[in-house]
Undergrad: 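Starting off with a structure, shown below.
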Amino acid sequence: MNMEYHNPVLLKETVDGLNIKPDGVYVDVTFGGGGHSKEILKRLGESGKLYAFDQDKDALENAIDDPRFTLIHENFRFIKRFLRFYGVKQVDGVLADFGVSSHQFDVAERGFSTRFEAKLDMRMNQDEGLSAFHVVNEYSEEQIKQVLLQYGELRSAPAMARLIVEYRQTEPIVTSEQLKLVLKKFLPPRHENKVLAQIYQAIRIEVNQEIEVLKEFLLQTPEILNERGRLSFISYHSLEDRLVKRFIRNGMFEGEPERDMFGNFEVPLKKVGGLIVPTKEEIKINNRARSAKLRIAEKV
Ligand SMILES: C[S@@+](CC[C@H](N)C(=O)[O-])C[C@H]1O[C@@H](n2cnc3c(N)ncnc32)[C@H](O)[C@@H]1O
């Protein structure tokens with residue numbers, strides 16, 4: 001396994017969650033370094049199939065040479081369309097390990113990490129137009145405020161947005177170092193990394209349209225699952241986890257579903273077991289596992 005690229009989180013638990021049938025068809029929508037995909041392939045027989053998605057070109061280098069495996073370089077918001085393209089209508093399970101890979105964090109130029117000085121970028125798909133530079137330099141003050149408020153849950157969002165807009169009247173904010181300087185007064189020395197991480201998270205979610213993408217994706221999953229097919233999803237922040245949890249419970253993001261003639265909710269999925277989080281031992285070995293939350297569901 002390519003351990004340098006990404007160390008898979010909750011590996012056994014997530015793949016166990018799929019309840020793999022050796023001749024089944026599965027999808028790993030966040031291929032990355034392929035850690036979860038390799039585990040799925042180990043449990044599949046000769047006639048099983050695995051389709052994987054990743055929108056990052058870098059992940060393509062980890063493609064697994066196996067006749068049962070197909071890697072699709074696309075955004076998983078188009079899952080139904082691309083599975084159709086490969087002649088697949090229904091699958092037995094979908095695995096997702098949302099967010100950014102260690103590789104994406106560790107390559108300074110990608111701009112995801114607060115550890116490096118880099119150009120403002122944060123695109124998971126290097127061919128997309130919208131980058132962190134655009135968000136910081138071209139969004140209106142109101143839009144920046146909303147991004148920081150909604151996706152970073154930052155109370156100082158209005159003042160931060162004002163400072164950004166003021167500063168960029170003199171010169172564009174091109175690098176992470178400049179952004180840090182502009183927002184310096186909001187970064188208390190003892191919590192600098194925490195606040196910076198919230199700011200980065202907010203911009204990254206906006207750049208990659210992560211909330212819209214997640215919603216579009218979730219809405220397609222009941223349709224592509226076979227009866228008793230499984231979803232096994234790892235989230236890394238509360239906005240993401242809340243959407244996954246609500247969707248599994250209600251089949252929607254807001255409000256409540258209709259009831260059937262017996263007064264039960266009519267929902268496409270039922271949860272399997274409770275929330276799963278990594279053990280202390282796993283977090284010790286792999287710090288990136290610390291905020292992981294795994295939820296499993298089955299098509300009813
Ligand atoms: C946390 S990593 C997955 C790591 C993988 N499970 C492993 O074991 O190596 C998430 C990966 O999903 C990809 N990704 C995130 N959002 C995506 C999307 N909407 N469409 C396609 N790929 C996406 C990222 O580019 C990244 O490589």
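Start at 1 and go down the list; that is how both ligands and their atoms are numbered. In this chain, numbering begins with 1 at the start of the sequence shown.
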Undergrad: Between Glu192 and Lys180, does any side-chain N to carboxylate O distance fall below 4.0 Å?
TA: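 The answer is yes: the pair qualifies as a salt bridge.
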Undergrad: Can you tell me which residue and heavy atom of the protein come closest to atom 8 (O) of ligand 1, and the distance to 0.1 Å?
TA: Gly35 N, 3.2 Å
Undergrad: Among Arg288, Gln104, Gln209, which one has a heavy atom closest to atom 24 (C) of ligand 1?
TA: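 Among Arg288, Gln104, Gln209, the closest heavy atom to atom 24 (C) of ligand 1 belongs to Gln104.
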Undergrad: Does a side-chain N-to-carboxylate-O contact under 4.0 Å join Lys57 and Asp127?
TA: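 Here Lys57 pairs with Asp127 in a salt bridge, since their nearest N and O are under 4.0 Å apart.
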Undergrad: Enumerate the atoms of ligand 1 whose separation from the nearest heavy atom of Val213 is less than 4.0 angstrom.
TA: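 Ligand 1 atoms under the 4.0 Å threshold to Val213: 19 (N).
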Undergrad: Quick one: does His36 get a heavy atom under 4.0 Å from ligand 1?
TA: yes
Undergrad: Using 4.0 Å as the upper bound for N to carboxylate O, is an ion pair formed by Asp58 and Arg110?
TA: yes
Undergrad: May I ask which of Phe76, Phe31, Phe217, Phe53 has a heavy atom nearer to atom 18 (C) of ligand 1 than the others do?
TA: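 Considering heavy atoms of Phe76, Phe31, Phe217, Phe53, the nearest to atom 18 (C) of ligand 1 sits in Phe76.
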Undergrad: Ligand 1 and Pro8, any nitrogen or oxygen pair closer than 3.5 angstrom?
TA: no
Undergrad: Can you pull out the closest protein heavy atom to atom 9 (O) of ligand 1? Residue, atom name and distance to 0.1 Å, please.
TA: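 Of every protein heavy atom, Gly33 N, 2.8 Å lies nearest to atom 9 (O) of ligand 1.
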Undergrad: Compute the ring centroids of Tyr200 and Phe112, then answer whether they are less than 6.0 Å apart.
TA: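 No, they do not, as the ring centres are separated by 6.0 Å or more.
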Undergrad: Among Gln201, His6, Arg204, which one satisfies side chain to side chain contact (heavy atoms under 4.5 Å, CB included) with Val100?
TA: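 So the option named by the test is Arg204.
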Undergrad: Out of all atoms in ligand 1, which are within 4.0 Å of some heavy atom of Asp56? Include the element for each.
TA: 25 (O)
Undergrad: Closest non-hydrogen protein atom to atom 22 (N) of ligand 1, residue and atom name please, with distance?
TA: Gln55 N, 3.1 Å
Undergrad: Among all protein heavy atoms in this structure, tell me which lies nearest to atom 1 (C) of ligand 1, with the distance rounded to 0.1 Å.
TA: Asp97 O, 3.3 Å
Undergrad: Within ligand 1, which atoms have a heavy atom of Gly32 less than 4.0 Å away?
TA: 9 (O), 27 (O)
Undergrad: Determine the minimum heavy-atom distance between Gly24 and Asp92, stating which atoms define it.
TA: CA-OD2, 3.2 Å
Undergrad: Identify the protein heavy atom lying closest to atom 19 (N) of ligand 1, giving its residue, its atom name and the separation to 0.1 Å.
TA: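 Residue, atom and distance for the closest contact: Asn75 OD1, 2.9 Å.
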Undergrad: Could you identify the single nearest non-hydrogen protein atom to atom 10 (C) of ligand 1 and state the distance to 0.1 Å?
TA: Gly99 O, 3.1 Å
Undergrad: For ligand 1, indicate whether the residue Asp54 contacts it via side chain, backbone, both or neither (heavy-atom separation under 4.0 Å).
TA: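 Both backbone and side chain of Asp54 come within 4.0 Å of ligand 1.
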Undergrad: Do Arg115 and Ser113 have side-chain N/O donor and acceptor atoms under 3.5 Å apart?
TA: yes
Undergrad: On the ring face of Phe253, is Lys215 found with NZ or CZ under 6.0 Å from the centre and within 45° of the axis?
TA: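 Geometry flag: set, cation within 6.0 Å and 45°.
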Undergrad: Would you call Glu74 a ligand 1 contact, heavy-atom distance under 4.0 Å?
TA: yes
Undergrad: Nearest to atom 12 (O) of ligand 1, what protein heavy atom do you find, and at what distance?
TA: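 Of the protein heavy atoms, Thr30 CB, 3.3 Å lies nearest.
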Undergrad: How close do Leu11 and Glu39 get, counting heavy atoms only, and between which atoms?
TA: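 Between these two residues, the closest heavy atoms are CD1-CB, 3.8 Å.
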Undergrad: Will you find, in the side chains of Asn75 and Gln55, an N or O donor that is under 3.5 Å from an N or O acceptor?
TA: yes
Undergrad: Output the list of atoms in ligand 1 that are nearer than 4.0 Å to some heavy atom of Ser101, sorted by atom number.
TA: 2 (S)
Undergrad: I'd like to know if Gly34 contacts ligand 1, where contact means a heavy-atom distance under 4.0 Å to any ligand atom.
TA: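 The answer is yes: ligand 1 sits under 4.0 Å from a heavy atom of Gly34.
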Undergrad: Report the C-alpha separation of Arg295 and Ser235 in whole Å, then their side-chain angles, then the decisive distance to 0.1 Å, and conclude whether the side chain to side chain donor-acceptor pair (under 3.5 Å) test is met.
TA: CA-CA 8 Å; Arg295 295 188 189 270; Ser235 311; over 6 Å; no
Undergrad: For residues Phe247 and Phe233, establish whether the separation of their ring centroids is below 6.0 Å.
TA: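 Phe247 vs Phe233: aromatic centres not under 6.0 Å.
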Undergrad: Please confirm whether Val100 comes under 4.0 Å of ligand 1, counting heavy atoms of the residue only.
TA: yes
Undergrad: Please confirm whether Tyr5 comes under 4.0 Å of ligand 1, counting heavy atoms of the residue only.
TA: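 Judged by the 4.0 Å heavy-atom criterion, Tyr5 does not count as contacting ligand 1.
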Undergrad: With heavy atoms of Phe98 as the reference, note each atom of ligand 1 found under 4.0 Å away.
TA: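 In order of number, 1 (C).
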Undergrad: A quick test of your reading: do over 12 heavy atoms of other residues, nucleotides or ligands sit less than 6.0 Å from CD of Glu258?
TA: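 12 or below, so no.
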Undergrad: Looking only at protein heavy atoms, which one is nearest to atom 14 (N) of ligand 1, and how far off is it?
TA: Met124 SD, 3.9 Å
